[in-house]
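Only one structure is covered here, and it is reproduced in the block below.
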Amino acid sequence: MTELTFEERNLVCIYSGGGTRLETIAALEDMRRYLEPGEAELLELTDSALGKLRGMDDMAFAGLDLIPDFDPEDAAYGE
C-alpha cells in the first residue's frame, strides 16, 4: 500500500468524520461530484486519496493517525 501524502491525509481527516473506510470513500465521492472545472488540483488530490483508500483494507484504515495537521513543517510523517 502506498502511504497517504500530507495533503491526502488532511483531506481524509476532513471527510472521514470518524467513520469507516467505506464511509470515508463515500463522503469523498460525494464531495467530488460538486467540484467545479477550476478545482482540478482538488480533483486530482481527491482521486489520488480515493485510489489509496480503495487499495487498503479496513484494518490499515483503522490504523491511520487521522488527526488534521495543516502545517507540513509539524507533520510527524513524511511524504
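Keep in mind that the numbers below use all heavy atoms, side chains included, and drop hydrogens, waters and symmetry copies.
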Got a second to check how far [X]'s [atom1] is from [Y]'s [atom2], nearest 0.5 Å?
{"X": "T5", "Y": "K52", "atom1": "OG1", "atom2": "NZ", "value": "5.0 Å"}
{"X": "L50", "Y": "M31", "atom1": "CG", "atom2": "CE", "value": "7.5 Å"}
{"X": "E8", "Y": "L28", "atom1": "CD", "atom2": "CG", "value": "10.5 Å"}
{"X": "N10", "Y": "L45", "atom1": "CG", "atom2": "CG", "value": "9.5 Å"}
{"X": "L22", "Y": "D58", "atom1": "CG", "atom2": "CG", "value": "5.5 Å"}
{"X": "E41", "Y": "T46", "atom1": "CD", "atom2": "OG1", "value": "10.5 Å"}

Q) Given side chains that start at C-beta, do those of L11 and L4 come closer than 4.5 Å, heavy atoms only? A)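 L11 vs L4: side chains apart.
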Q. Is the closest side-chain heavy-atom distance between F61 and V12 below 4.5 Å?
A.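 Sidechains of V12 and F61: in contact.
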Q.
Between R32 and E39, does any NZ, NE, NH1 or NH2 come within less than 4.0 Å of an OD or OE carboxylate oxygen?
A.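 Salt bridge flag = no for R32 with E39.
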Q) Does R21 use its side chain to pair, donor to acceptor, with the backbone of L53 at less than 3.5 Å? A)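 Pair found, side chain donor or acceptor close to backbone of L53.
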Q. Checking S48 side chain against E44 main chain: does a donor-acceptor pair fall under 3.5 Å?
A.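 No, because the side chain of S48 does not come within donor-acceptor range (under 3.5 Å) of the backbone of E44.
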Q. Does the side chain of E23 come under 3.5 Å of the side chain of S16 through a donor N or O and an acceptor N or O?
A.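 The answer is no; no qualifying pair exists.
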